[in-house]
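Read through the structure below, which is laid out as structure tokens, and then see the notes.
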Amino acid sequence: MTFFQDFPIPASGPRPSAPRFEPPPWAAPPSYELPAVVHVGKFLHHSPAMVMALRSAEVFSTGCSFNLSWIIRRGEEDEDDWADKHALFFQPGMRLRRGTVPFSGLMFGVQFADGSKASTGARGPHGFMGSTGEPEPPTLVLNNGGGSGAPDELAGSGTLWLWPLPPAGDLRLVAQWIDFGMEESSITLAGGQLRQAAAGVQRFWPEK
């Protein structure tokens with residue numbers, strides 16, 4: 001016998017159940033789909049100091065997720081300037097939200113063939129996760145995948161969620177990062193190719 005055996009075990013009662021959270025289609029890709037992968041392999045920016053690449057697109061039934069990576073190399077910056085870049089690199093959206101230097105942080109945008117467009121700078125740090133009503137399409141959400149720092153290099157990655165699937169015609173993807181000397185630049189993708197790739201999406205379970 002131990003001390004605690006003298007006390008009754010309380011009844012557990014029924015465990016309350018909470019509904020599973022499913023993000024709206026304009027905020028994130030579907031949870032139960034295996035996307036069709038489209039290789040892209042294009043540079044959004046290429047200079048001696050910085051490279052930003054669009055590697056591929058994962059196409060879902062409701063939109064596209066673009067996989068990006070970027071590397072910044074140290075040039076003539078002294079220790080203080082490089083330390084400042086470290087700080088900016090690991091909080092790329094803060095300058096935009098503070099408004100001290102408008103539009104100097106990492107920003108992306110898209111433009112469909114019909115002229116409609118969207119920008120990651122149009123929402124706060126949580127994107128569309130807190131929205132209850134369906135926004136006007138298209139929408140674009142940046143999800144940073146993290147990064148790493150070294151004495152002479154900074155590397156990072158991220159994904160862009162685009163909703164809905166683009167129409168046929170040119171899809172223009174735009175990027176800008178003034179803090180790191182990257183002026184507005186863009187590449188053109190085939191919207192029809194991405195839309196057609198959605199036919200290869202596989203659902204995990206038929207009912208989902």
Side-chain angles (χ1 to χ4, degrees), residues 22-46 52-70 92-97 99 101-145 157-179 182-201 203:
E22 182 70 21
W26 52 85
S31 301
Y32 297 121
E33 288 187 355
L34 181 64
V37 180
V38 176
H39 173 72
V40 179
K42 290 187 176 184
F43 290 115
L44 267 162
H45 180 81
H46 193 288
M52 179 176 287
L54 174 58
R55 296 177 177 272
S56 61
E58 295 183 352
V59 182
F60 294 81
S61 63
T62 56
C64 304
S65 182
F66 297 109
N67 299 309
L68 300 123
S69 63
W70 45 85
M94 291 300 292
R95 288 282 290 277
L96 175 65
R97 294 196 292 273
V101 181
F103 308 114
S104 66
L106 177 59
M107 298 180 63
F108 292 94
V110 291
Q111 184 170 14
F112 286 175
D114 62 7
S116 59
K117 55 187 178 180
S119 168
T120 58
R123 303 292 296 187
H126 303 295
F128 291 88
M129 280 300 182
S131 61
T132 56
E134 181 174 319
E136 185 73 21
T139 63
L140 191 66
V141 180
L142 172 62
N143 298 299
N144 280 323
S157 63
T159 61
L160 282 172
W161 172 244
L162 170 65
W163 171 84
L165 290 169
D170 288 345
L171 170 65
R172 183 170 174 245
L173 180 63
V174 187
Q176 177 180 288
W177 203 350
I178 300 300
D179 286 332
M182 179 179 169
E183 301 289 341
E184 181 181 305
S185 60
S186 65
I187 57 175
T188 301
L189 307 174
Q193 180 189 14
L194 296 173
R195 191 173 190 87
Q196 292 169 8
V201 174
R203 296 185 183 274

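Given the structure is predicted, the values throughout are model-derived calculations rather than measurements.
- Counting heavy atoms from C-beta outward, Arg55 and Ser69 have side chains that approach closer than 4.5 Å.
- Side-chain atoms of Trp163 never come within 3.5 Å of backbone atoms of Pro29 as a donor-acceptor pair (strictly under, hydrogens ignored).
- To the nearest 0.5 Å, atoms CG (Leu68) and CG (Asn144) are separated by 10.0 Å.
- Shown here is Lys42, whose NZ atom has more than 12 heavy atoms of other residues, nucleotides or ligands within 6.0 Å.
- A distance of 7.5 Å separates CG of Leu165 from OG of Ser61, quoted to the nearest 0.5 Å.
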Test Leu44 against Trp177 for side chain to side chain contact (heavy atoms under 4.5 Å, CB included), laying out the working first. CA-CA 11 Å; Leu44 267 162; Trp177 203 350; over 6 Å; no

Between Arg172 and Asp170, does the side chain to side chain contact (heavy atoms under 4.5 Å, CB included) criterion hold? Intermediate values first, please. CA-CA 6 Å; Arg172 183 170 174 245; Asp170 288 345; over 6 Å; no

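- When atom types are taken as modelled, the side chain of Thr120 and the backbone of Phe108 share a donor-acceptor pair closer than 3.5 angstrom.
- No side-chain heavy atom of Pro137 sits under 4.5 Å from any side-chain heavy atom of Ser116.
- Between the CZ atom of Arg203 and the CG atom of Leu34 there is a distance of 12.0 Å, given to the nearest 0.5 Å.
- Pairing each heavy atom of Glu184 with each of Val174, the nearest pair is CG-CG1, 3.5 Å.
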Could you walk me through whether Leu189 and Phe66 satisfy the side chain to side chain contact (heavy atoms under 4.5 Å, CB included) test, starting with their C-alpha distance in whole Å, then the side-chain angles of each, then the deciding distance to 0.1 Å, before giving a yes or no? CA-CA 11 Å; Leu189 307 174; Phe66 297 109; 3.8 Å; yes

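- Nearest heavy atom pair, residue Gly169 against residue Ala113, reads CA-CB, 3.9 Å.
- Contact detail for Glu33 and Pro30: the closest heavy-atom pair is OE1-CG, 3.5 Å.
- Expressed to the nearest 0.5 Å, how far CG of Leu142 lies from CG of Leu140 amounts to 8.0 Å.
- Counting all heavy atoms, side chain and backbone alike, Ala27 lies closest to Val141 at O-CG2, 4.2 Å.
- In this structure, CE on Met182 lies 11.5 Å from CE on Met107, to the nearest 0.5 angstrom.
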Might you work through the side chain to side chain contact (heavy atoms under 4.5 Å, CB included) test for Leu173 and Leu162, ending with a clear yes or no? CA-CA 11 Å; Leu173 180 63; Leu162 170 65; over 6 Å; no

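- Of the possible donor and acceptor atoms, none in the side chain of Ser56 sits under 3.5 Å from a partner among the backbone N and O of Asn67.
- Under the 3.5 Å distance criterion, the side-chain polar atoms of Thr139 are matched with a main-chain donor or acceptor of Trp26.
- Remark: Gln111 CD to Ser186 OG distance equals 9.5 Å, nearest 0.5 Å.
- Within the 4.5 Å cutoff, no side-chain heavy atoms of Pro35 are placed close to those of Ser65.
- Between Phe43 and Ala53, the shortest heavy-atom contact is CD2-CB, 4.1 Å.
- Shown here for Val38 and Ala197, the closest heavy-atom pair between the two residues is CG2-CB, 3.7 Å.
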